[in-house]
Amino acid sequence: VEFVKLAATYSTVNLGQGFPDFPPPDFLKEAFVRALSGENHMLHQYTRAFGHPPLVKILAQYFGKLLGRDLDPMTNVMVTVGAYQALFCCFQALVDEGDEVIIIEPFFDCYEPMVKMAGGMPVFVPLRPKAPKDGKLMSSADWQLDPAELASKFSERTKAIVLNSPNNPLGKVFSRGELELIADLCVKHDVLCISDEVYEWLVYDGKEHIRIASLRGMWDRTVIIGSAGKTFSATGWKVGWTVGPNRLLQHLRTVHQNSVYHCATVAQEAVAQGFQRELELYGKPESYFVQLPKMLQQKRDWLVQSLDAVGMKPIVPEGTYFLVADISEFKSDVPDVPDSDEPYDSRFAKWMVKNKGLAAIPLSAFYCGAHKNNYNHFIRFCFAKEEATLKAANDILQKWKLEKTSP
Ligand code: PMP
């Protein structure tokens with residue numbers, strides 16, 4: 001919230017908060033307009049609390065195909081107000097007072113307060129970076145869990161683990177081996193998995209997004225979370241969903257029914273039509289889910305080059321629309337304040353937006369309080385931006401680099 005406000009006040013180029021500045025696809029906007037101004041005026045009224053029937057039906061079909069199982073639209077799918085509310089429902093419904101929830105660092109920032117609001121205790125386990133091979137840029141794949149350290153976090157108090165693959169902020173796409181390690185521990189300790197997969201379509205370089213729910217023993221203990229905002233580049237619509245077994249979703253429905261009740265009908269109708277189109281074009285070149293990662297991979301490569309050229313070393317992401325970069329070479333411009341409580345990267349990001357007009361988010365924002373200073377020389381950029389925005393960011397960085405090197 002703090003950095004979004006700073007970006008609104010000072011930035012000329014905003015690569016901070018995660019949203020595209022390009023429009024959603026025409027077919028989606030047209031579906032919204034049709035829903036809004038068509039004959040069916042019931043689309044302006046309440047719909048089913050747990051999801052507009054056309055949307056839960058198509059989500060059940062689509063995810064049933066991906067997971068290779070028959071899904072019941074009424075009990076295995078629930079529509080939420082964005083993935084954010086899906087997360088909130090999960091924690092409120094599944095975590096009881098004193099339960100421990102394992103969170104992999106760096107993590108999407110709301111997990112920690114949401115676990116605490118449910119009375120749970122977050123237990124953190126970090127992804128640990130390994131040095132890349134000589135001369136190579138670091139990749140998000142170089143950030144890995146230590147299997148022994150992960151295993152040590154599971155106990156009889158553990159209720160759930162939060163998995164976010166592809167991961168915000170690093171862009172890490174967990175490999176099959178890494179997911180099997182997590183799955184085996186979940187099965188061994190009878191632990192649930194809250195699987196935040198909002199960036200499921202955004203994987204690059206031929207990588208595959210593997211759904212942990214498809215691994216042995218995991219369907220019955222996993223809630224999958226998705227977002228139409230990320231899926232169709234329409235974050236402001238706030239349509240999200242959960243997919244999972246009825247034994248878990250029934251409790252999410254209780255929370256949902258007694259808090260927001262349902263999400264805007266017109267938006268749900270348009271997202272349903274978007275998925276209908278995507279099902280018909282499944283795997284074809286015209287599919288948005290095929291086109292979007294291609295477009296974003298180019299943007300990623302562009303920002304990687306641009307950062308590398310000025311010495312703000314990028315960690316090449318395998319997925320998402322985020323990229324984390326090392327600010328060490330720019331430290332001389334923003335001197336450290338000894339004994340300050342504020343992590344260095346946070347001060348750096350504030351200085352950058354105020355003095356250079358370029359907004360980014362410090363990596364320490366994605367760590368718990370005790371670990372904020374462990375990785376405090378990185379900032380996160382969002383590259384889901386128009387070419388002109390990325391070019392403007394490049395111009396700022398080039399100019400800055402020149403000022404640094406000229407006497
Ligand atoms: N999970 C992750 C990992 C995210 O990055 C975001 C959005 N930044 C969300 C959930 C929330 O998604 P939505 O906008 O659909 O609420």
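Each ligand, and each atom within it, is numbered from 1 in the order the structure gives.
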task = Apply salt bridge (Lys or Arg N to Asp or Glu O under 4.0 Å) to R247 and list each qualifying residue two or more places apart in sequence or on a separate chain.
result = D220

ask   = Relative to the ring of F289, is the ring of F232 parallel (under 30°), tilted (30 to 60°) or perpendicular (over 60°)?
value = tilted

ask   = Pick from Y199, F378, F108: which one makes a ring-ring contact (aromatic ring centres under 6.0 Å, His included) with F322?
value = Y199

query = With a 3.5 Å cut-off and no angle check, do the side chains of S328 and K313 form a donor-acceptor pair?
reply = no

note = By salt bridge (Lys or Arg N to Asp or Glu O under 4.0 Å), K284 pairs with (sequence neighbours left out) none

Please tabulate protein-ligand N/O pairs under 3.5 Å for ligand 1, atom names and distances to 0.1 Å.
residue  : atom   : partner : partner atom : Å
ligand 1 : 1 (N)  : D196    : OD1          : 3.3
ligand 1 : 1 (N)  : D196    : OD2          : 2.5
ligand 1 : 5 (O)  : N168    : ND2          : 2.9
ligand 1 : 5 (O)  : Y199    : OH           : 2.6
ligand 1 : 8 (N)  : K230    : NZ           : 3.0
ligand 1 : 15 (O) : A83     : N            : 2.8
ligand 1 : 15 (O) : S227    : OG           : 2.7
ligand 1 : 16 (O) : A83     : N            : 3.0
ligand 1 : 16 (O) : Y84     : N            : 3.0
ligand 1 : 16 (O) : K238    : NZ           : 2.6

task = State which residues pass ring pair (Phe, Tyr, Trp, His ring centres under 6.0 Å) with F383; sequence neighbours excluded, sorted by chain then number.
result = none

